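Chain letters run A, B, ... following the sequence lines, proteins first, then strands; residues in each count from 1. Nothing here was measured: the structure is a model prediction, and the numbers come from that model. All heavy atoms count here, side chains included; hydrogens, waters and symmetry mates do not.
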Protein chains: 2
Amino acid sequence: MATEEYHLARRRQVADAVERLIAERGFEGVTMARAAAEAGVSVGLVQHYFSSKDDLLRYAYTRVTERMLARALHRAEELAAHRGSIRLALRESLAERLPLDEARRAEWRVAFAFAARAVDLPDLAAVRNRTEAAIRDQLAQAITNGKECGEVPAETDARSAAVGLLALVEGLGLHTYLDPALPAPVVLAELERALAGVLPGECRHYG
Amino acid sequence: MATEEYHLARRRQVADAVERLIAERGFEGVTMARAAAEAGVSVGLVQHYFSSKDDLLRYAYTRVTERMLARALHRAEELAAHRGSIRLALRESLAERLPLDEARRAEWRVAFAFAARAVDLPDLAAVRNRTEAAIRDQLAQAITNGKECGEVPAETDARSAAVGLLALVEGLGLHTYLDPALPAPVVLAELERALAGVLPGECRHYG
DNA sequence: TTAGACGCAATATGATCATATTGCGCCATG
DNA sequence: CATGGCGCAATATGATCATATTGCGTCTAA
């Protein structure tokens, strides 16, 4: 009965409830009692599986970032298989991080809430930095591939370019989320412009 | 004795204390009692001048954004007077918003803390959107000026470009602040690359 | 000179939370 | 059938806060 599998499932059950709470009421809306209620369990259970609230939050954030990363990797593989242009691949995977529809808005809100708290909580910052670095590597790899087939100028520093693209997407995300007056086409056009800056060429081979 | 001037000074005294608290302990570190202590006054005084904590925070944020905006305007005038290149002017005023030294880190932390809360508090979001729009206008104006003297291609949409540049700077700021492993030169280089994307030319006349 | 309003201090109130404590049912094992 | 430990539920504890209340000194104006 003490299966590890079972324990893991309970931890996830609570962590998922935390995500839902953040999406609905923001970070401030998360309390031990509410997390328990949302997960349909008792406060005692939550305490049993997490040594403190910080521990719970760190676990929940790790889950969020792992999911984001897994999606990025999956998408990269998918596109490698289909051999589309690198620029197209980058556009897709970057645009996916923008809060342009309700589902993405909810996800974005959760991820951003954690990022904002990471400014004060080094634990969360560490989780975040690890993930961002992995995503940057992913982007940098794609850009490097682009060099080989002429989509990207040889003198481009792939790692720097990845930093810039990722930062742009995060900034655009914040604006998009907060300012309903900002039209989505403008946001996407700016992403496109930035991509054009990095990948002036086009090619059909990938990887 | 009931001079308006006096009232204003007290309000500012408390609002400044709030800023210091955020810079030192983050948004969570702000309580009515601590704000009063930091300002060197009683809790009663704070309550007397602000109808609620939210009111106090909104006032403090308004002050922060007004200062940022005033600085942007001042810098624009300064550069118009000296007639440097527009690209130089944009670089300066954008780089200024990055947390690259301790003073800017503190300012950035305060501004970001408010922006993060703005996700949940529409009052703060309104304050923010107003300011961001003004700064974007400022940038857009500079870019438009660039068209007249050939620094900027005629087909560029100045407003869109401003959105992109501002978003990039905000994203770079977040990365810079959270990730000490990210070298400052890379961040500045990416800002430069983005500027090159918008202003491929150079010219010496401004305004 | 006194009535009252204003500016503020001190303290009370009550809500909310994270966490500590206690104990109970159930299952495995002896 | 004991017994002991594990998984949890229920509740207690104490801290922290925003805000309400109360009252006091001082300046103003009649």
Side-chain angles (χ1 to χ4, degrees), chain A residues 1-22 24-61 113-114 116-118 120-124, chain B residues 1-22 24-61 113-114 116-118 120-124:
Chain A
M1 183 54 85
T3 65
E4 193 56 35
E5 190 62 37
Y6 177 78
H7 292 333
L8 199 58
R10 301 322 279 267
R11 290 170 70 87
R12 292 214 254 250
Q13 179 182 357
V14 178
D16 286 351
V18 168
E19 274 187 59
R20 263 174 276 135
L21 281 180
I22 295 177
E24 284 161 28
R25 329 187 24 157
F27 215 93
E28 316 272 298
V30 181
T31 70
M32 295 295 265
R34 270 207 279 266
E38 175 73 28
V41 300
S42 73
V43 175
L45 183 142
V46 177
Q47 287 181 298
H48 187 73
Y49 283 101
F50 299 97
S51 66
S52 67
K53 189 184 180 183
D54 278 357
D55 188 34
L56 168 58
L57 292 174
R58 185 157 29 80
Y59 185 78
Y61 191 25
F114 277 115
R117 290 297 286 140
D120 294 324
L121 305 177
D123 268 14
L124 295 186
Chain B
M1 183 53 88
T3 65
E4 193 55 34
E5 189 62 36
Y6 176 80
H7 293 331
L8 199 58
R10 300 322 279 266
R11 289 171 71 87
R12 291 213 255 249
Q13 178 183 357
V14 177
D16 286 350
V18 168
E19 275 187 59
R20 264 174 275 136
L21 281 180
I22 294 177
E24 283 160 29
R25 330 187 24 157
F27 215 93
E28 316 274 296
V30 181
T31 71
M32 295 294 266
R34 270 206 280 266
E38 175 74 28
V41 300
S42 74
V43 174
L45 184 142
V46 176
Q47 287 182 297
H48 188 73
Y49 283 100
F50 299 96
S51 66
S52 67
K53 189 184 181 184
D54 279 357
D55 188 33
L56 167 58
L57 291 174
R58 185 158 28 79
Y59 185 79
Y61 191 26
F114 276 115
R117 289 298 285 140
D120 294 324
L121 305 177
D123 267 15
L124 295 185

| message | How close do R20(B) and Q13(B) get, counting heavy atoms only, and between which atoms? | response | NH2-O, 4.4 Å

| remark: In whole angstroms, the gap separating C1' of dT19(C) from CG of D54(A) amounts to 12 Å

| said: Using whole Å, what does the distance between atom P of nucleotide dT16(C) and atom CD of E28(A) come to? | reply: 15 Å

| request: Send over the distance from R34(B) CZ to dA18(D) C1', rounded to a whole Å. | output: 13 Å

| query | Are OP1 or OP2 of dG7(C) and a side-chain N or O of R10(B) less than 4.0 angstrom apart? | reply | no

| request: Calculate the interatomic distance between Y6(B) atom OH and dC27(D) atom C1'; express it in whole Å. | output: 13 Å

| Atom pair distance, as rounded to whole Å: CG in L21(B) and C1' in dT16(D) | 16 Å

| task | Rounded off to whole Å, could you give me the NZ-to-C1' distance for the K53(A) and dA20(C) pair? | result | 17 Å

| How is Y49(A) classified with respect to the nucleic acid when contacts are heavy atoms under 4.0 Å: base, sugar-phosphate, or nothing? | sugar-phosphate

| query | Donor-acceptor pair under 3.5 Å: do we get one between Q47(A)'s side chain and the base of dA18(C)? | reply | no

| query | Tell me, do V14(B) and L45(B) make a side-chain contact under 4.5 Å, heavy atoms counted? | reply | yes

| note | When rounded to whole Å, the CG to P distance for the pair L45(A) and dC8(D) reads 5 Å

| request: Take H48(B) and R10(B) through the side-chain contact (heavy atoms from CB on, under 4.5 Å) test and state the conclusion after the steps. | output: CA-CA 10 Å; H48(B) 188 73; R10(B) 300 322 279 266; over 6 Å; no

| Euclidean distance, atom CG of residue D55(B) to atom C1' of dA18(D) [Å, nearest integer] | 14 Å

| Of the listed nucleotides dC8(D), dA18(D), dT19(C), the one nearest the side chain of M32(A) | dT19(C)

| Out of dA18(C), dC8(D), dC8(C), whichever nucleotide has its closest atom nearest the side chain of S42(A) | dC8(D)

| Mind checking whether F50(A) and Y59(A) have parallel, tilted or perpendicular rings, split at 30° and 60°? | tilted

| If you find the nucleotide of DNA chain D closest to H48(A) and the one closest to V43(A), which residue's nucleotide is nearer the 5' end? | H48(A)

| Just wondering, do L121(B) and R58(B) contact through their side chains at under 4.5 Å, heavy atoms? | no

